[in-house]
Amino acid sequence: MKFTFHVSPNIKDRFSTQRIMWELTGGLMVIFVISCIYYGTSYGMNYAMQAIILLASSLITTLVCEAIFALCTKKKPLDYIKTSFGWVTSIILTMMVPISMTPYALIIATACCIVLGKLLFGGFGNNIFNPAAVGRAIIFASFMGATTDLVTSATPTTVIASTYNWLPATSSILDTFLEQFGGFMGLALGTYPGAIGETFSIAIILVGIYLAFRQVIDWRVPVTYLGGIFVLTAIVALLTGIESYHGIPGFIWYPVLHLLTGGVIFGGVFMLTDPVTSPTSAGGRVIFALGAAVLTVLIRLKANLPEGCLYSILLMNLFTPMIENALDGKQLEIKKKVWTGFICIAIVGLGVSFYAASSIEPVTKIESEATSMVVDNVPVEHVQEEVSL
């Protein structure tokens, strides 16, 4: 008698990698469409077309790279592309770059992130680093001067980092910053130029809630990451004595400002939740997300970079294998290890907050205002355009 069997796991479920990746693609495209509508209505259709051209350039580059890799490994290109999900990386990478990025720079960055960040490790499921983060790091290091004639104003991360040291300490100083971007509501809605898909905080949160409800992403990751940033920056606000703003205590509005500025919400929803480069266990993901939160706050407040999300993701990717090995064992032992790791990272985070609060001078007045110029009869801030993430 001949028995036919398959090795574990054998449980069938309605969830599949295909369904998860397609729903994730849908969520990303919702944000991209919102971005195109915003740029098209606010600045003109040439801006919306620029975003579409950038996405098309990245997608085509990804398909070509993966097709060549499939041929070299003697696989059918179409079948390989269907199961490699490279288009997700292309969409995320495109949404992390400013609208003024040139297509050729994005093409080179896409090729590098697909080949060096993914295919070099064996393709989907084997890569160590988040491929989109690798591509964005390449752009940040090599192509920040590669911009088109589409000129946009400085992003909030550039202004708050260079002019306010991330610590606008009084209501008047905060008003001076917020009035450039439509206040807190403008920051939340994303009605200011920046990275193509990272500015629309409310829309990203709503899409993230839907994806978490559909179990496409693990809700623990963005909640721990964003919650960690909130708590750590609230401690900084308390220690530095930041004033209340229209009756809202400093330890409330200051963390909210951090969450609404830059790419932390986008990174928490769409990048830290990457199932390949993050730990597989729920406890491991919590430790992973909290570590990223601590690094983000540290980089923002004490490094030379205006933003910290991108490098916090790449650095925590390095720790994923160690977290996986540390949480391998019996369930009761794993639970104890998770709590131990969480407490240790939380203590480090407290140290970061105390260090930042004691070494950064809160800004109570502005010495000089940014110069302005007029582009196409529209006044814009003449400040170096910044990268998100």
Side-chain angles (χ1 to χ4, degrees), residues 7-9 15 17 20-21 24 66 69 73 83-86 88-89 92-93 112-138 141 215-226 228-229 264 267-299 303 308-349 352 389:
V7 296
S8 62
F15 298 106
T17 304
I20 290 173
M21 300 307 288
L24 179 60
E66 294 195 336
F69 179 79
T73 55
T83 57
S84 182
F85 311 108
V88 175
T89 298
I92 293 176
L93 177 59
C112 290
C113 78
I114 293 297
V115 175
L116 301 180
K118 183 178 178 181
L119 299 181
L120 188 65
F121 294 95
F124 179 75
N126 299 301
N127 48 292
I128 299 175
F129 298 102
N130 186 296
V134 172
R136 190 64 187 90
I138 291 172
Q215 299 183 32
V216 173
I217 64 174
D218 186 347
W219 63 269
R220 299 175 186 85
V221 175
V223 169
T224 303
Y225 178 63
L226 300 178
I229 292 175
V264 293
V269 172
F270 292 116
M271 300 184 68
L272 279 171
T273 54
D274 177 20
V276 176
T277 56
S278 61
T280 56
S281 65
R285 294 191 192 107
V286 170
I287 293 175
F288 177 82
L290 183 60
V294 173
L295 288 172
T296 298
V297 173
L298 177 62
I299 294 172
C309 182
L310 168 67
Y311 292 103
S312 72
I313 292 172
L314 291 173
L315 288 172
M316 287 309 299
N317 288 159
L318 289 171
F319 288 96
T320 295
M322 186 182 73
I323 295 173
E324 292 281 70
N325 291 332
L327 300 183
D328 185 22
K330 298 179 181 179
Q331 291 299 315
L332 293 178
E333 293 178 354
I334 291 175
K335 186 176 181 180
K336 183 178 180 181
K337 290 178 181 178
V338 169
W339 277 109
T340 301
F342 185 89
I343 292 172
C344 289
I345 296 176
I347 292 173
V348 172
V352 168
L389 282 181

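Not measured: the values here are computed from a predicted model. Hydrogens, waters and symmetry mates are skipped; everything else that's a heavy atom, side chains included, is used.
The distance from the CD1 atom of Ile92 to the SG atom of Cys113 is 10.0 Å, given to the nearest 0.5 Å. We find the CE-OG distance between Met21 and Ser84 to be 9.0 Å, quoted to the nearest 0.5 Å. To the nearest 0.5 Å, the span separating CD1 on Ile114 from CG on Leu120 amounts to 12.5 Å. Between the CG atom in Asn317 and the CG atom in Leu272 there is a gap of 8.5 Å [rounded to 0.5 Å]. Taking CG of Leu116 as the reference point, atom CZ of Phe121 lies at 8.5 Å (rounded to 0.5 Å). Put simply, CD1 on Ile345 and OG1 on Thr224 are 10.5 Å apart, with the number rounded to the nearest 0.5 Å.
In terms of the side-chain contact (heavy atoms from CB on, under 4.5 Å) criterion, residue partners of Thr73 (sequence neighbours excluded) are, by chain and number, Phe69, Lys75. Scored by the side-chain contact (heavy atoms from CB on, under 4.5 Å) test, Ile217 finds Leu211, Ala212, Val269, Thr273 as partners (sequence neighbours excluded). Judged as a side chain to side chain donor-acceptor pair (under 3.5 Å), and not counting sequence neighbours, Thr320 has no contacts. Partners of Phe270 by ring pair (Phe, Tyr, Trp, His ring centres under 6.0 Å), not counting sequence neighbours, listed by chain and number: Phe266. For Ala326, the side-chain contact (heavy atoms from CB on, under 4.5 Å) criterion is met by no residue, not counting sequence neighbours. Annotation: side-chain contact (heavy atoms from CB on, under 4.5 Å) contacts of Trp339 (sequence neighbours excluded): Lys335.
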Sequence neighbours excluded and cut-off under 3.5 Å, please list the side-chain donor-acceptor pairs for residues 281-294, or say none.
from: Ser281; atom 1: OG; to: Gly284; atom 2: N; distance (Å): 3.1
from: Arg285; atom 1: NE; to: Pro279; atom 2: O; distance (Å): 3.2
from: Arg285; atom 1: NH1; to: Asp218; atom 2: OD2; distance (Å): 2.8
from: Arg285; atom 1: NH2; to: Thr280; atom 2: O; distance (Å): 2.8

Can you give the donor-acceptor pairs under 3.5 Å from side chains of residues 127-134 to other protein atoms, not counting sequence neighbours?
from: Asn127; atom 1: ND2; to: Phe129; atom 2: O; distance (Å): 3.1
from: Asn130; atom 1: OD1; to: Ala132; atom 2: N; distance (Å): 3.1
from: Asn130; atom 1: OD1; to: Ala133; atom 2: N; distance (Å): 3.2
from: Asn130; atom 1: ND2; to: Met271; atom 2: O; distance (Å): 3.4

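In this structure, Ile299 and Ser312 approach most closely via the heavy-atom pair CD1-N, 4.2 Å.
Side-chain contact between Leu24 and Phe85 is absent, with no heavy atoms from C-beta onward closer than 4.5 Å. Contact annotation: the side chain of Tyr311 never approaches that of Leu295 to less than 4.5 Å [non-hydrogen atoms, C-beta and beyond].
By the 6.0 Å contact criterion, CZ on Phe319 is open, its count of non-hydrogen atoms from other residues, nucleotides or ligands being 12 or less.
Applying the salt bridge (charged side-chain N to carboxylate O under 4.0 Å, His left out) test to residues at least two apart or on different chains, none of the pairs has a partner in residues 120-132. Within the structure, every pair that satisfies the salt bridge (charged side-chain N to carboxylate O under 4.0 Å, His left out) test and touches residues 116-130, not counting sequence neighbours, is listed here: Glu66-Lys118.
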Task: CA sep, side-chain torsions, deciding dist, call: Ser278, Val221, side chain to side chain contact (heavy atoms under 4.5 Å, CB included) - done: CA-CA 10 Å; Ser278 61; Val221 175; 5.9 Å; no
